[in-house]
Structure formats: structure tokens, C-alpha cells
Amino acid sequence: MSYKSYPTFNDTPDAAIRTWNRLQQMYNINADKGEEEATAYAEQFDQKSKNAMYILARYIGVKGYETVKREFMRGDHSTLMEA
């Protein structure tokens with residue numbers, strides 16, 4: 001499933017990885033097409049998914065992108081999306 005030609009990652013079983021992928025997709029859309037298109041991408045998701053993306057974005061804001069990326073690459077993300 002995709003929005004326009006952008007993937008939604010609905011088939012990704014791990015909620016944290018799905019949220020990471022969606023947020024990264026949103027960042028990429030923002031860089032390439034602008035904030036309006038990135039917001040439209042995010043708006044397609046249910047409130048729980050949007051909340052998860054917001055929480056992850058805030059976490060990245062606090063810890064830093066590279067630190068959070070390393071956590072995800074090591075698999076240290078399991079507790080992030082349980083709240």
C-alpha cells in the first residue's frame with residue numbers, strides 16, 4: 001500500500017520499525033517536496049500511528065538522529081513504541 005508513490009510500510013510487522021520507516025519517509029518527502037506534501041503523507045495514518053511518529057520525532061529531537069539511528073540498527077528499539 002502507498003500514498004501516491006510513497007510507501008506506507010503497512011506490511012512491516014514491527015511497530016517501531018514501521019514508525020521509523022514512516023518518519024524517515026516523511027522527512028524525505030519534506031526535503032524533496034516540502035512540508036505540505038510531507039504533512040499530507042502523515043495525515044493518511046490513524047491517530048495511534050501519528051502519535052507514534054510524533055513521539056519518535058521528539059525522541060530524535062532529544063537524543064539526536066545518529067544516536068537513535070544507532071539504537072534502531074542495533075535493535076534497541078523494542079521499548080520505544082510500547083507506550
Side-chain angles (χ1 to χ4, degrees):
M1 188 103 187
S2 66
Y3 167 75
K4 295 193 176 184
S5 63
Y6 307 118
T8 58
F9 306 99
N10 289 335
D11 58 344
T12 303
D14 184 304
I17 298 295
R18 184 173 52 247
T19 301
W20 173 266
N21 288 342
R22 287 174 174 175
L23 190 59
Q24 296 311 301
Q25 185 65 54
M26 187 176 160
Y27 288 162
N28 291 338
I29 293 169
N30 188 54
D32 293 343
K33 303 286 184 174
E35 187 175 336
E36 187 175 319
E37 188 75 8
T39 300
Y41 173 79
E43 285 299 315
Q44 71 182 312
F45 301 113
D46 64 20
Q47 193 60 48
K48 183 177 178 180
S49 297
K50 288 189 271 191
N51 289 346
M53 290 170 67
Y54 175 79
I55 290 167
L56 182 56
R58 297 283 300 177
Y59 185 70
I60 291 169
V62 170
K63 299 277 278 189
Y65 177 81
E66 289 302 323
T67 298
V68 177
K69 181 179 176 183
R70 277 192 302 275
E71 290 176 7
F72 270 83
M73 296 304 120
R74 286 192 313 249
D76 294 344
H77 61 275
S78 59
T79 59
L80 275 176
M81 307 318 297
E82 290 177 2

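Keep in mind the model is a prediction, meaning the values are calculated, not measured.
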In the structure I gave you, are the side-chain heavy atoms of [X] and [Y] within less than 4.5 Å of one another anywhere?
X   : Y   : value
T19 : I55 : no
E71 : Y59 : yes
Y6  : E37 : yes
N51 : K48 : no
R22 : N10 : yes
K69 : W20 : yes

Y54 OH: over 12 foreign heavy atoms closer than 6.0 Å
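It does not: Y54 OH has 12 such atoms or fewer within range.
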
Between M73 and Y65, is there shared hydrophobic-cluster membership here, with clusters defined by ILVMFWY side-chain heavy atoms closer than 4.5 Å?
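Looking at the clustering, Y65 is in the same group as M73.
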
Once salt bridge (Lys or Arg N to Asp or Glu O under 4.0 Å) is applied, what residue pairs with a partner in residues 49-59 remain, sequence neighbours excluded?
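Those involving residues 49-59 are E43-K50.
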
Would you name the heavy atoms of [X] and [Y] that are closest together and state the gap between them?
X   : Y   : result
P13 : R18 : O-NH1, 3.7 Å
Y41 : P7  : OH-O, 2.6 Å
Q44 : T8  : OE1-CG2, 3.4 Å
A16 : F72 : O-CE2, 3.4 Å

Gap separating the CD atom of E66 from the CD1 atom of I60, nearest 0.5 angstrom
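Those atoms lie 10.5 Å apart.
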
Regarding N21 and Q25, do their side chains bring together a donor and an acceptor under 3.5 Å, going by distance alone?
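No pair is found: no donor N or O on one side chain lies under 3.5 Å from an acceptor on the other.
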
